[in-house]
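Shown next, in structure tokens, is the structure this report addresses.
Remember, predicted model here, so these are calculated numbers, not experimental data.
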Amino acid sequence: MRRLILSLALFFSLILTAQANVVNFDLDELIDLGLKENCELKIKRMELKAKEKDIKIANRFKNPEIQSNIVMGNVALGNSSQAGVALPVEVLKRGVRKKIAQEEYSIKETELKQAEHNYKLQIMKAYFDVLYSKSVLKIQEDRLTLFKRLVQITTDKPKYPSYEIDNLKADIQYAQQLIEVNRAKSNLLASQFELNKVLNTGVDSVMYDTKEASLLGNRAFWDIKIADYNFLENIALQYSYIVKISAKNIDKAEEELKLAKRQRVPDVSVAGGYAWQYHRNAPNDFGGAFVGFGMDLPLLYNYTPEIQKAQIFLERSKVNKKAYEHQLKYELKKDFNTFKYSAENMEYSKKILEDSEKIVKLSTEGYISGKNSYSALVLNENMHQDVLSNYLQAMSRHFYSYLELMQDIGHDILIEEELL
């Protein structure tokens, strides 16, 4: 029975998946949807809310203490009993502790913005990959149409003595192309599932897909303009979330060092209450108020290790910031040059594609009119297939290099509005 229930559950889950409603969104719509509904980002926002409570926790006062000293028996003769309240008071510590909590909240808030920035880039990559797979499928389907046409041509209009061989070749290539089309369909489905996995909205009844049919003829993903290197470096050093986080870590470490030093400042305790005395010679109302004062003195332990540890962490934070900024410049230079050369290669690839399309058109017309052989047509078509593949790969490298550059800049200030 248990196995039957599991089988039925799996069956209905597959049916629900197969019947998922396909919704076509453009890139900016998917980014807005993901930022709002993504489960991982929701968790990070909850963690930020929890961090906000730490500020109130750090700013807490110590609770008062009820104290009593009641003497009984002969010892009570001439000695007073006491009952009252003592209030421990931290000196010069609560404000610094609150400041540390505020710095931790600010770091967490910046980390959330960094996660949102990285998430945008993930959606952009997944969206591009779907369009890439759609483009490959379109190329394979167009190629399938060509071979189907060649099968018809070699069947109906033989122009050479070896037309039967040409016909058999066309049949084989048509069948092989069917395999390539199915492989492209499978890759497209995998890309679409990956896009929805990245979105991770928690809704299984909807399958999100791109609005565009393919990358072919879509200028938005290869005609990308960016500023010069010096501008990008200044933006990265000024606005990068990770740079901001490293600077905030320095501020936090400074406050932690301040708190460690202030541990040497004695805390005090103020008390007060009622005192009374039982004595055979004293009247029954022989009593009155009392006040008390206490102080802890850091004599046996003066918190030197804590101070030294906080000093080490402060120096480490400063070194981390310098090291990151130093490495960031080299990463930016590497990615900037990769993007620059990939943009040049895109221009070359476009020109090659235009010439290749002309060759295939002329070769097809020549075979139909009997001016050239079937082998020459297939050779030109295979060359065109390689050109198309290289064109898509060049576009892919170009767009990926853009995403890597945006990743290193570490801020979404340069993600173009027309792209989003």
- How long is the gap from NE2 on H117 to NZ on K113, to the nearest 0.5 Å? 13.5 Å

- Message: If you define the side chain from C-beta out and look only at heavy atoms, does anything of Y132 sit under 4.5 Å from S396?
- Response: yes

- Task: Test side chain to side chain contact (heavy atoms under 4.5 Å, CB included) on L195 and D129 and set out the steps.
- Result: CA-CA 8 Å; L195 173 61; D129 289 344; over 6 Å; no

Under 3.5 Å, side-chain donor or acceptor atoms of residues 36-57 against the rest of the protein: list the pairs with distances, not counting sequence neighbours.
residue	atom	partner	partner atom	Å
E37	OE1	K42	NZ	3.3
N38	OD1	E40	N	3.1
N38	OD1	L41	N	3.0
N38	ND2	E40	OE1	3.2
N38	ND2	Y119	OH	3.3
N38	ND2	V198	O	3.3
N38	ND2	L199	O	2.9
E40	OE1	N200	ND2	2.7
E40	OE2	N200	ND2	2.9
R45	NH1	L35	O	3.1
R45	NH2	L35	O	2.7
R45	NH2	E116	OE2	3.0

- With side chains defined as the heavy atoms from C-beta onward, is the minimum distance between L87 and F61 less than 4.5 Å? no

- Message: When you measure from the centre of the six-membered ring of Y330, is the NZ or CZ of K333 closer than 6.0 Å and no more than 45° off the axis?
- Response: yes

- Residues K321, E325: salt bridge by 4.0 Å N-O rule: yes

- Task: Kindly give the heavy-atom pair with the smallest separation between R264 and Y303, and that separation in Å.
- Result: N-CD1, 4.2 Å

- Mind checking the CG-OG spacing from L388 to S135? Nearest 0.5 Å is all I need. 10.0 Å

- Query: Does a donor on one side chain sit under 3.5 Å from an acceptor on the other, for N69 and Q82?
  - Reply: no

- On a heavy-atom basis, the closest approach of V268 and M295 is CG1-CE, 4.0 Å

- Item | Distance under 6.0 Å and angle within 45° of ring axis: R397 vs Y400 | no

- Decide side chain to side chain contact (heavy atoms under 4.5 Å, CB included) for F147 and V151; before the verdict, give the C-alpha distance in whole Å, the side-chain angles of both, and the deciding distance to 0.1 Å. CA-CA 6 Å; F147 284 128; V151 169; 5.5 Å; no

- Item | Residue pair I139 / L216: nearest heavy atoms and the distance that separates them | CG1-CD1, 4.1 Å

- Do the non-hydrogen side-chain atoms of D26 and Y127 ever get within less than 4.5 Å of each other? yes

Using residues 253-263 as the side-chain source, report each donor-acceptor pair under 3.5 Å to any protein atom, sequence neighbours left out, with the distance given to one decimal.
residue	atom	partner	partner atom	Å
R262	NH1	L92	O	3.3

- Task: For the residue pair L353 and H384, establish whether any side-chain heavy-atom pair is separated by less than 4.5 Å.
- Result: yes

Residues 239-251, side-chain donor-acceptor partners within the protein, below 3.5 Å, at least two apart:
residue	atom	partner	partner atom	Å
S240	OG	I242	N	3.4
Y241	OH	H411	NE2	3.4
S246	OG	I242	O	3.3
S246	OG	V243	O	2.6
K248	NZ	S106	OG	2.8
N249	ND2	I245	O	3.3

- Gap between atom CD1 of I409 and atom CG of L237 - 0.5 Å precision: 10.5 Å

- Query: Hey, what do you get for CD (E331) to CG (D408), rounding to the nearest 0.5 Å?
  - Reply: 5.0 Å

- Message: Filter on side-chain hydrogen bond (donor to acceptor under 3.5 Å, both in side chains), then keep only pairs touching residues 89-99, sequence neighbours left out; what's left?
- Response: N59-R94, E90-R97, K93-D267

- Query: Should we count CZ of F293 as having more than 12 external heavy atoms under 6.0 Å?
  - Reply: yes

- Output all residues satisfying side-chain hydrogen bond (donor to acceptor under 3.5 Å, both in side chains) with Q122, sequence neighbours left out; order by chain, then residue number. none

- Message: Counting C-beta onward and ignoring hydrogens, is there a side-chain heavy-atom pair between S363 and E381 closer than 4.5 Å?
- Response: no

- Message: For residues 22-59, which residue pairs pass the ring pair (Phe, Tyr, Trp, His ring centres under 6.0 Å) check, not counting sequence neighbours?
- Response: F25-Y208

- Are the side chains of Q177 and E180 in touch, meaning some heavy atoms are under 4.5 Å apart? yes

- Could you check if a side-chain atom of F128 sits within less than 4.5 angstrom of a side-chain atom of L403, using non-hydrogen atoms only? no

- Look at atom CD1 of I66 and say whether more than 12 heavy atoms of other residues, nucleotides or ligands are closer to it than 6.0 Å. no

- Item | V136 vs N187, side chain to side chain contact (heavy atoms under 4.5 Å, CB included): CA-CA, chis, key distance, verdict | CA-CA 9 Å; V136 173; N187 292 336; over 6 Å; no

- Item | Spacing of D32 atom CG and K120 atom NZ [to the nearest 0.5 Å] | 8.5 Å

- Item | Closest heavy-atom pair and its distance - V130, L188 | O-CD1, 3.7 Å

- Item | Closest non-hydrogen atom pair, A83 against F290 | O-CE2, 3.7 Å

- Query: Yes or no on side chain to side chain contact (heavy atoms under 4.5 Å, CB included) for L232 and I226, after CA distance, side-chain angles and deciding distance?
  - Reply: CA-CA 9 Å; L232 295 179; I226 61 172; 4.1 Å; yes

- Message: Can you confirm whether Y229 is buried at OH, in the sense that more than 12 heavy atoms of other residues, nucleotides or ligands lie under 6.0 Å from that atom?
- Response: yes

- Query: Ignoring hydrogens and geometry, is there a side-chain-to-backbone donor-acceptor pair from N302 to P298 under 3.5 Å?
  - Reply: no

- Task: Please report the shortest heavy-atom distance between L121 and Q407, naming the atom on each side.
- Result: CD1-OE1, 3.4 Å

- Message: Around atom NZ of K148, are there more than 12 heavy atoms from other residues, nucleotides or ligands closer than 6.0 Å?
- Response: no

- Within a strict 4.5 Å, meaning less than it, do heavy atoms of the E306 and Y301 side chains meet? yes

- Item | More than 12 heavy atoms from other groups under 6.0 Å of NZ on K358 | no

- Spacing of CD belonging to E347 relative to CD1 belonging to I352, to within rounding of 0.5 Å: 11.5 Å

